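Fair warning: this is a prediction, and the values are worked out from it, not measured in the lab.
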Amino acid sequence: LKSSSRIDENTLDEIEELLILSDVGLDTTEHLIERLREKYKDGIIDNEEEVFNLFKAILAEELNSSVSANDPENVINTKPHVISVIGVNGTGKTTSIGKLAGRYQQKNYNVLLAAADTFRAAATEQLSIWGERVRSDIIKTSPGGDPAAVAFDAVNAAKARHKDILIIDTAGRLHTKSNLMQELQKIHRVLDKAMPGAPHEILLVIDANTGQNGLAQARTFMQAVGVTGIILTKLDGTAKGGIVFSIQKQLKVPVKYIGIGEKPDDLQRFDPGEFVEALFQ
Amino acid sequence: EISEKFDGIFKRLRGHGKLSEKNISESMREVRRVLLEADVNYKVVKQFIASVEKKAVGQDVLKSITPGQQVIKIIHDELAGLMGEKQEPLTFSNRIPGTIMLVGLQGSGKTTTAGKLATFIQQKGRKPLLVAADVYRPAAVEQLRIVGREIDTMVYSDEGKDVVKICKEAESFAKEHLHDTLIIDTAGRLHVDETMMDELDRLKSELHPEEILFVADGMTGQDAVNTAKVFTEALDFTGVILTKMDGDARGGAALSVRAVTGKPIKFLGVGEKYNQIEVFHPARMASRILG
Ligand SMILES: Nc1nc2c(ncn2[C@@H]2O[C@H](COP(=O)(O)OP(=O)(O)OP(=O)(O)O)[C@@H](O)[C@H]2O)c(=O)[nH]1
Ligand SMILES: Nc1nc2c(ncn2[C@@H]2O[C@H](COP(=O)(O)OP(=O)(O)OP(=O)(O)O)[C@@H](O)[C@H]2O)c(=O)[nH]1
Ligand SMILES: [Mg+2]
Ligand SMILES: [Mg+2]
């Protein structure tokens with residue numbers, strides 16, 4: 001009789017190392033392993049493969065609220081549906097907006113883009129090129145202009161031109177810079193003023209290479225303006241993006257999309273099962 | 001905060017005795033947590049703890065500080081020593097133009113850093129030429145042109161798509177117009193993209209840069225060792241610039257990259273403006289990582 005009522009500690013160490021190397025973070029890793037121990041003591045697992053399969057199921061379950069009923073691509077209640085895209089510098093906001101606009105255009109939605117990054121060199125030019133690529137119009141202003149004014153004008157233009165979707169590109173900003181977070185709050189206030197309830201979606205873009213600072217980013221942006229979903233970019237590299245477990249657990253913010261490259265088609269809907277599989281590869 | 005936790009572990013030891021294995025290993029558990037939370041790589045943390053344990057066990061407890069503070073000092077000194085003993089500035093040979101090439105992953109801050117380096121060496125009396133070698137990213141060339149305009153620095157670019165050709169022509173242009181330094185801004189790329197890594201390899205063999213600087217995002221987590229390892233194996237880069245350190249990322253990637261490549265961190269990017277660059281201080285970084 002094989003008495004396998006304890007998981008092999010070596011297997012658990014292996015799992016712990018895998019999770020930490022994937023940027024899941026120490027606390028969340030301990031929590032996840034604890035969940036595995038609990039599930040395990042209710043039954044008997046004889047081999048390592050079973051442990052891994054059980055564990056993958058636990059992990060996918062932790063992320064499963066990501067696939068919510070409020071899928072933005074199916075439930076568009078307002079016209080225009082306003083999406084604000086935010087995050088720290090260089091994470092892939094502008095590129096993700098280009099890809100997202102392309103996805104909506106392919107589903108026959110009419111998309112308008114707002115170049116509300118009036119600060120960074122050639123930010124407007126970069127978004128304009130994406131606009132041309134995916135055939136979306138763009139509202140912009142001259143460099144150094146007021147981002148809130150761009151947002152305001154964009155909502156009115158979206159209404160006037162009967163656009164289905166309006167996506168706002170904002171400047172990268174470190175969450176620790178309170179003046180920049182206040183600027184973001186102002187942009188959102190102005191969006192709400194131009195159209196009560198806007199923005200209807202607030203997507204925080206997080207680079208999969210980010211370590212534990214990703215949780216601080218999510219928390220601060222959440223407190224400042226709220227976040228309805230995450231775009232996790234650069235998963236075509238070797239980073240695993242495990243920080244999303246902590247973000248899901250502590251802030252209940254789901255991942256909506258993943259970025260897997262620099263081309264228009266390199267954006268996918270988030271699939272928890274596939275994400276967890278990739279962790280173990 | 002680490003010193004308080006250590007004082008708790010060591011309060012039985014005040015003033016006499018030796019630092020025992022038991023209380024060292026207890027404090028090492030705390031150090032492990034601190035370093036992992038600071039994004040130091042898991043395997044780098046293991047090695048670091050092992051070497052600190054060796055140094056700490058059996059040391060006489062000093063009378064002037066608490067045992068906890070003593071262990072912290074050992075850790076801090078070990079960390080600072082690993083970061084590099086002193087500042088390592090930019091290397092310039094007598095070649096004209098000298099060449100600095102910036103490389104790294106997408107979005108790490110290369111183009112912005114190119115402007116900062118140009119400003120930095122301009123202040124030292126040199127006359128740099130920025131070279132727009134990112135022919136892929138939408139408006140990348142325009143971005144560098146605007147950077148150049150802001151800092152009153154010449155930018156070389158052309159409409160072509162052959163990066164090596166652009167850089168060779170920039171070299172000729174530099175000689176003709178008496179620029180003594182080339183600062184080459186390359187496209188962000190994945191270390192696992194063979195074609196793009198090959199492009200850097202060709203650039204290196206055609207231009208023989210004095211400095212190849214790996215520009216890495218200060219908030220990078222565990223994967224820092226993988227990217228740094230591949231970039232150093234491909235290019236044997238000469239230094240690292242860690243960007244976005246004006247945020248609250250602890251910057252453990254600095255230790256990981258240093259441990260795995262042995263290359264010096266030369267600068268920190270501390271903001272979006274072109275004067276927001278600092279020469280790297282090993283001891284300061286050690287304190288930041290320890291929190
Ligand atoms: N490999 C890869 N690269 C990406 C991905 N998403 C974005 N990038 C690249 O990352 C770099 C930065 O992308 P941007 O879209 O400019 O990022 P951003 O957040 O708008 O940057 P700022 O506006 O400066 O804060 C570019 O080189 C993009 O091509 C992705 O999913 N995979
Ligand atoms: N706060 C802060 N932002 C920075 C720093 N360095 C760069 N950035 C910002 O990070 C973003 C990306 O910078 P880029 O210079 O475009 O990065 P890159 O490496 O050239 O990007 P790719 O060419 O797409 O690979 C921009 O918003 C910059 O302003 C820094 O030290 N601090
Ligand atoms: Mg952008
Ligand atoms: Mg660039």
Does a sphere of radius 6.0 Å around NZ in A/K56 hold more than 12 heavy atoms from other residues, nucleotides or ligands, not counting ones at 6.0 Å or beyond? yes

Side-chain donor-acceptor contact under 3.5 Å, B/D223 with A/T238: yes

Flag the one option from A/K234, A/E17, A/K240 with the top tally of heavy-atom pairs under 4.5 Å to chain B. A/E17

In terms of heavy-atom pairs under 4.5 Å, which option from B/A249, B/G107, B/P138 contacts chain A the most? B/P138

Quick check: closest heavy atoms across A/G90 and B/K244, and the distance to 0.1 Å? CA-NZ, 4.1 Å

Are the side chain of A/D23 and the backbone of B/Q222 linked by a donor-acceptor contact shorter than 3.5 Å? yes

One option among B/E142, B/R149, B/E150, B/R137 has the most heavy-atom pairs under 4.5 Å with chain A, and it is B/R137

Of the backbone (N, CA, C, O) and the side chain (C-beta and beyond), which part of B/D248 lies under 4.5 Å from a heavy atom of chain A, both, or neither? both

What part of B/L144 gets closer than 4.5 Å to chain A, counting heavy atoms only: side chain, backbone, both or neither? neither

Non-hydrogen atoms of chain B under 4.5 Å away: do they reach the side chain of A/E30, the backbone, both or neither? side chain

Under 3.5 Å donor-acceptor, B/D39 side chain and A/Q212 backbone: yes

Gap separating the CG atom of A/L174 from the CG atom of B/D246, nearest 0.5 angstrom: 5.0 Å

Hey, does B/D217 have a side-chain heavy atom less than 4.5 Å from the side chain of A/N209? no

Taking atom NZ of B/K43 and atom CG of A/L21, what is their separation to the nearest 0.5 Å? 5.5 Å

Quick one: what part of A/K177 sits under 4.5 Å from any heavy atom of chain B, side chain, backbone, both or neither? side chain

Shortest non-hydrogen separation from A/I20 to B/R32 and the atoms involved: CD1-NH2, 4.2 Å

With the threshold set at 4.0 Å, does a side-chain nitrogen-carboxylate oxygen contact exist between A/E262 and B/R189? no

Between A/G172, A/G211, A/G242, A/A216, which has the largest tally of heavy atom pairs under 4.5 Å with chain B? A/G211

With a 6.0 Å cut-off (strictly less than), is the heavy-atom count around CG of A/N179, excluding the residue itself, greater than 12? yes

Check each atom of B/N41 against the heavy atoms of chain A and say whether the ones under 4.5 Å are side chain, backbone, both or neither. side chain

Options B/T111, B/T112, B/V147, B/T220, ranked by heavy-atom pairs under 4.5 Å with chain A, top entry: B/T220

Is B/K46 in contact with chain A via its backbone, its side chain, both, or neither, using a 4.5 Å heavy-atom distance? side chain

Do other residues, nucleotides or ligands put more than 12 heavy atoms under 6.0 Å from the NZ atom of A/K140? no

